[in-house]
Amino acid sequence: MQEPTAQDEKVQDVVSLALGEIDFDPDVLRAKYLDERDKRLRDDANDQYIEVKGDFSKYVDDPYETRVDREPFNDTVEVVIIGGGFGGLLLGGRLREAGFEDIRVIEKGGDFGGTWYWNRYPGAMCDVESYCYLPMLEELNYIPEHKYSFAPEIMGHTQNIAKHYGLYENACLSTEVTDLTWDEADQFWIVSTNRGDRMRARFVAMANGPLNRPKLPGIAGIDDFKGHTFHTSRWDYDYTGGDASGNLTNLKDKRVGIIGTGATAVQCVPHLGEWAGELKVFQRTPSSVDVRNNRPTEPDWADSLQSGWQNERMENFNVLVSGGDQDEDLVADGWTDIFRNLTGIAAKQASRKLGRRLTGKEKGQLMVMADYKKMNGVRDRVDSIVEDKETAEALKPWYRQFCKRPCFHDEYLPTFNRENVHLIDTKGKGVERMTEKGVVVDGVEHELDCLIFATGFEVGTSYTRRAGYDVTGRDGQKLSNKWKNGLKTLHGFTTHGFPSCFFLGFTQAAVTVNAPHALNEQAKHIAAIMTEARDRGAKSIEASTEGEQGWQDEIKRTARFGERFRAECTPGYYNNEGAENNPNGLLTSGYGGGPIKFFRILEQWRAAGTFDGIDFGGDKHA
Ligand code: NDP
């Protein structure tokens, strides 16, 4: 090993000054992290998962739906919004506020709610503070019951937004779009659905959601299992009994297995552990699980809130979790704690103590060391809670904090102290195969009555595959073709050749911890463009080739962000399952400059009033 240079020692002094005593060897930890990553890297990356179609489509059938019969629509509307989750609701609301009356939301689920319509598994809750996460609280004069809301309350809130803005009127629920085709002659979109609808729309907005298609692991023999199976996003309460608050009484005499230990499993495993006769949790990679500390809303605090409080709180949270500094941390939770420790805020504090700016090398080393320290804390927490030493060891995450979605939960780890709960650690390999009777790991067959897939959602496959339909723009151009080597948009919202079609979500936009915050900014922006089109009497709007190219240059300029970091991560959807060159990746296809800059760009663009990069086309429409 090389002797440390005088400069290395200086960097170490800065790190110690900021973090206190360093009681670990970073080289040992780095080697361990890389070793754990290597165990999990596989050539098939995203292709290891099965697309839920054909024989597997039963996994996406709607178990909650109360489908209402109706005649097909063959009419014309001004705006079609595809998706009734937060994106569609926010856009619908902002358009109503801007005076748009003729809006139709098309939603695959039997009601509004999006991810909260589908994800009703026991224990489901938001893990970003509800006062920031639930949008339009001031518009609806509503304060959530807890700091982190449970799923039924969130779904209720989405429905209240729909009612408040009159979005149930004219909505097509339990309806899937099957095709979108641009009619150049009439300057309309033709929207076809699985209910036989064929409607014309002046504008369409696709708010399909970034994680909307459940995926299954491509395990050998997945078809052979004769027991009961379902995916967490289509929870089968007829089989388990109970509801989102638990009480899964039908599982009392059942041997239950669950594959996956991501954010979803962390929330539902405590309920399964409480009710199942026996529970086996099949783990490939453990999540990092820190303190949740949920609590009811204090009425005095709620009464003290002044007009504008929610925007202020969302901004405050967004700045902190984007690495910026704020005088006060209004949310003060696990998320802001991580960012305070692992980003520029920590460097700023160190530089204050030092009385000078930190060099790039000092800053970089400080972040790495703070990350090791933070994750040591997460691992120590496992030891302090899980009694069996071998189980505790297996539950420790060996990667940097942002390699995977951080989780926060106070009941997940204690569940492994129950006698009826067993962690089956696959040591990074995943489940070996399935048989008629159960699941095989390391040559041992685990017999089960029921197997639950907590294996997440498609990320990193093509945009149109995840949407479930292709889009045909001008001259018959397919969106799947235009984006086959990666997205091309202006600001993430529009793409040349597909007039008056808008995208919400993480399509070349900035990724935020608090997704509804980003969706709200996007909704405001799209509403502003549509309003301008209406005021000009334009028949269509379209990203110009120059506008689109300008944004590609900006995306390229900011793309370097995080590449090296992700390459050293254990695989997951944040790093395209280890395949960095995937053009459809969640983080690789986004705007790398972060949400603060992104929102500022949008705001300044709107304020300029020149709508650079957008062509307003066609004759004035009636
Ligand atoms: P994830 O994609 O995070 O987790 C899937 C899990 O399945 C992982 O543990 C994965 O292991 C495991 N897995 C996949 N294939 C196999 C296999 N062959 N054998 C064994 N295990 C396997 O999905 P989730 O549904 O948990 O979460 C998705 C996202 O949804 C979250 O990251 C979060 O963004 C969001 N979410 C938010 C919540 C909230 O806000 N409250 C709650 C729940 C979800 P490996 O890690 O090794 O790939």
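Owing to the predicted nature of the structure, the values given are computational and were not obtained by experimental measurement. Ligands are counted one by one from 1 in listed order, and the atoms in each one are counted from 1 as well.
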Could you check whether the rings of Phe282 and His446 sit parallel, tilted or perpendicular, using 30° and 60° as the cut-offs? perpendicular
Taking it one step at a time, do Arg292 and Asn294 satisfy side-chain hydrogen bond (donor to acceptor under 3.5 Å, both in side chains)? CA-CA 6 Å; Arg292 169 75 305 165; Asn294 197 8; over 6 Å; no
Heavy-atom distance to atom 20 (C) of ligand 1: which of Ile259, Val281, Asn119 wins? Ile259
What protein heavy atom lies closest to atom 30 (O) of ligand 1? Include the residue and the distance to one decimal. Leu211 CD2, 3.9 Å
for atom 23 (O) of ligand 1, nearest protein heavy atom and its distance come out as Gly456 CA, 3.1 Å
Counting each atom of ligand 1 from 1 as listed, which ones have a heavy atom of Tyr121 under 4.0 Å away? 42 (C), 43 (C)
Quick one: are the ring centres of Tyr117 and Tyr64 less than 6.0 Å apart? yes
Please report the shortest heavy-atom distance between Gly109 and Asp62, naming the atom on each side. CA-OD2, 3.9 Å
With a 4.0 Å heavy-atom cut-off (strictly under), which part of Ser287 contacts ligand 1: side chain, backbone, both or neither? neither
Min N/O separation Thr285 to ligand 1 under 3.5 Å: yes
Quick check: Thr455 and ligand 1, any N/O pair under 3.5 Å apart? no
What are the atoms of ligand 1, with element, lying closer than 4.0 Å to any heavy atom of Gly430? 19 (N), 20 (C)
N/O to N/O below 3.5 Å, does that happen between Thr261 and ligand 1? yes
Can you report which non-hydrogen protein atom sits closest to atom 37 (C) of ligand 1, along with the distance? Arg405 NH2, 4.2 Å
For Cys450, all residues meeting disulfide (SG to SG under 2.5 Å), sequence neighbours excluded: none
Apply the test side chain to side chain contact (heavy atoms under 4.5 Å, CB included) to residues Val289 and Phe408: give CA-CA distance (whole Å), side-chain angles for both, the deciding distance (0.1 Å), then the verdict. CA-CA 5 Å; Val289 187; Phe408 308 93; over 6 Å; no
Proximity flag Tyr49 to ligand 1, non-hydrogen atoms under 4.0 Å: yes
Trp301 ring center near Tyr131 ring center (under 6.0 Å): yes
According to the interplanar angle, ranging from 0 to 90°, do the rings of Phe503 and Trp483 count as parallel (below 30°), tilted (30 to 60°) or perpendicular (above 60°)? tilted
Quick one: does Met125 get within less than 4.0 Å of ligand 1, heavy atoms only? yes
Checking side-chain hydrogen bond (donor to acceptor under 3.5 Å, both in side chains) for the pair Asn376/Arg379: CA distance, chi angles, key distance, verdict? CA-CA 5 Å; Asn376 276 344; Arg379 289 185 284 265; 2.8 Å; yes
Nearest-contact summary for atom 36 (N) of ligand 1 - protein heavy atom, Å: Ala263 CB, 4.1 Å
Just need the protein heavy atom nearest to atom 34 (O) of ligand 1, so name the residue and atom and give the distance. Tyr573 OH, 3.0 Å
Given side-chain hydrogen bond (donor to acceptor under 3.5 Å, both in side chains), test Thr570 with Trp398 step by step and report yes or no. CA-CA 8 Å; Thr570 190; Trp398 296 102; over 6 Å; no
I'd like to check which ligand 1 atoms, numbered from 1 as shown, lie under 4.0 Å from a non-hydrogen atom of Lys404. 45 (P), 46 (O), 48 (O)
Please state which option from Lys215, Arg284, Glu432 has its nearest heavy atom closest to atom 48 (O) of ligand 1. Arg284
At what distance is the nearest protein heavy atom to atom 19 (N) of ligand 1, and which residue and atom is it? Val431 N, 3.1 Å
Identify the closest protein heavy atom to atom 25 (O) of ligand 1: which residue and atom is it, and at what distance? Thr264 OG1, 2.6 Å
Would you verify whether the NZ or CZ of Arg120 falls within 45 degrees of the ring axis of Tyr237 while also being under 6.0 Å from that six-membered ring's centre? no
With atoms numbered from 1 as shown, which atoms in ligand 1 lie under 4.0 angstrom from a non-hydrogen atom of Phe457? 25 (O)
Starting from atom 12 (C) of ligand 1, locate the nearest protein heavy atom and write down its residue, its atom name and how far away it is, to 0.1 Å. Gly260 CA, 3.6 Å
Does Gly572 reach ligand 1, in the sense of a heavy atom lying below 4.0 Å from it? no
Distance filter under 4.0 Å to Pro217 heavy atoms, resulting ligand 1 atoms: 15 (N), 18 (N)
